[in-house]
Amino acid sequence: MSGTRHVLVLGGTTEARRLAEELAGDPALRVTSSLAGRVAEPRRPAGEVRIGGFGGPAGLARWLREHRVDALIDATHPFAGTISFNAAEAAAAVHVPLLALRRPGWVAGPGDRWHPVDSLAGAAEVLPGLGERVFLTTGRMGLAAFAHLDRLWFLVRSVDAPEPPQPARMEVLLDRGPFTVEGEAGLLRRHRIDVLVTKDSGGRATAAKLTAARDAGIPVVVVRRPPVPEGVPVAEDPAAAVTWLRNTLG
């Protein structure tokens, strides 16, 4: 690569931080990580950091032009669907190469009792037939989908405190991964959990709950992740993203 190239990483994930750390050590690159600002105290990645939204695809396209971005890497959470489609539209508008960095999704194994659904609303629909004490690990956003389930009790785990609307019978556990199988198993026992709800976010940091649920014979409602925008190449780990970047920038 000749000259300093500017790379914008749409971050907030473990993979985004690992990628920024690796890229920040290259003197030929200027790396800026953008965080949505939804977490009160985010883990700041290496390199330059900006916090907050762009104002839709037009705002992002304007930022890409004004800051002379040479490559855009969407390393947001697999369920941050809106920003991914905004990134695809903005990158196409200003002709900036775009890559999606997505950790592989989880795969059910022998003994798993998974119930795949397409949305949080779909998860709420199947819950009453599966259990009465729910371990809800879908984050603080989207609790409104479960607010009408008055007969169920929820243990809600999130990094920051959730806001209403939310279930009436609910206990909040503020915590951040990684978690262990032993810790998750103890949590299921103490709270007498009989059904788990999770998004297919993939990765190891929060996968222990799936093993604990399998060992306990507990059903798991798994919300499928939204698709990556059509035509956007995908890398499954930071190393593959670095390879794409070097091949793209030359």
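Because only heavy atoms are used, hydrogens play no part in the values below, and waters and symmetry mates are left out as well, while side chains stay in. Position 1 is the first residue of the sequence; numbering continues from there.
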- prompt: Can you name the ring-ring contact (aromatic ring centres under 6.0 Å, His included) partners of Phe79, sequence neighbours left out?
  reply: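 Only His77 meet the ring-ring contact (aromatic ring centres under 6.0 Å, His included) criterion with Phe79.
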Under a 4.5 Å side-chain heavy-atom rule over Ile, Leu, Val, Met, Phe, Trp and Tyr, are [X] and [Y] clustered together?
X      : Y      : value
Val156 : Met141 : no
Leu99  : Val232 : no
Val228 : Leu10  : yes
Trp244 : Leu249 : yes
Val234 : Ile83  : yes

Quick one: side-chain contact (heavy atoms from CB on, under 4.5 Å) partners of [X], sequence neighbours excluded?
X      : answer
His148 : Ala124
Ala240 : Ala235, Asp237
Glu48  : Arg30, Thr32
Asp215 : Val181, Thr211

Distance-only, no hydrogens or angles: does the [X] side chain make a donor-acceptor pair with backbone N or O of [Y] under 3.5 Å?
X      : Y      : value
Thr13  : Ala75  : yes
Arg225 : Pro78  : no
Asp175 : Gly177 : no
Arg65  : His67  : no
Arg133 : His191 : yes

Distance-minimising heavy-atom pair for [X] and [Y]:
X      : Y      : result
Asp160 : Ser158 : O-OG, 2.6 Å
Gly131 : Leu152 : O-CD2, 3.3 Å
Pro229 : Ser84  : CG-O, 3.6 Å
Pro219 : Asp194 : CD-O, 3.3 Å
Gly203 : Arg103 : N-CD, 3.4 Å
Glu236 : Leu101 : C-CD1, 4.0 Å

query: side-chain hydrogen bond (donor to acceptor under 3.5 Å, both in side chains) with Thr137: which of Lys209, Glu184, Arg157?
result: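 Exactly one pass, corresponding to Lys209.
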Beyond-backbone contact of [X] with [Y], side-chain heavy atoms, under 4.5 angstrom:
X      : Y      : value
Leu127 : Val197 : yes
Ile73  : Leu19  : yes
Thr198 : Thr206 : no
Val159 : Leu174 : no
Asp70  : Val7   : no
Val126 : Val117 : yes
Pro167 : Leu149 : no
Leu29  : Thr4   : no

task: Show your reasoning for whether side-chain contact (heavy atoms from CB on, under 4.5 Å) applies to Val96 and Leu98.
output: CA-CA 6 Å; Val96 169; Leu98 168 65; over 6 Å; no
message: Once rounded to the nearest 0.5 Å, what's the spacing between atom OG of Ser34 and atom CH2 of Trp63?
response: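 Reported value, rounded in 0.5 Å steps: 7.0 Å.
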query: Quick one: is the NZ or CZ of Arg176 closer than 6.0 Å to the six-membered ring centre of Phe179, and within 45° of its axis?
result: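 Ring-cation test returns no.
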field: Whichever hydrophobic residues join Leu196 through chains of side-chain contacts under 4.5 Å
entry: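 Cluster partners of Leu196: Trp106, Trp114, Phe135, Trp153, Leu155, Leu173, Leu187, Leu188, Ile193, Leu210, Ile218, Val220, Val222.
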task: Determine whether more than 12 heavy atoms belonging to other residues, nucleotides or ligands lie under 6.0 Å from atom CZ of Arg50.
output: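 Yes, enclosed.
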query: Considering residues, nucleotides and ligands other than Gln166, do more than 12 of their heavy atoms fall under 6.0 Å from its CD?
result: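 Counting other residues, nucleotides and ligands, CD of Gln166 exceeds 12 neighbours.
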Salt bridge (Lys or Arg N to Asp or Glu O under 4.0 Å) assessment of Asp112 paired with Arg214: CA-CA 5 Å; Asp112 283 319; Arg214 179 176 63 238; 3.3 Å; yes
side-chain contact (heavy atoms from CB on, under 4.5 Å) between Leu8 and Leu60, worked out: CA-CA 11 Å; Leu8 176 62; Leu60 177 54; 4.1 Å; yes
- request: For side-chain contact (heavy atoms from CB on, under 4.5 Å), just list the numbers for Phe146 and Met170, CA-CA rounded to whole Å, side-chain angles, deciding distance to a tenth of an Å, and then say yes or no.
  value: CA-CA 11 Å; Phe146 306 92; Met170 180 184 77; over 6 Å; no
query: Run the side-chain contact (heavy atoms from CB on, under 4.5 Å) check on Arg224 and Asp200 step by step: do they pass?
result: CA-CA 6 Å; Arg224 298 185 183 95; Asp200 180 17; 5.9 Å; no
task: Indicate yes or no: does Asp26 engage Arg246 in a salt bridge with an N to O separation below 4.0 Å.
output: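 Salt bridge: yes.
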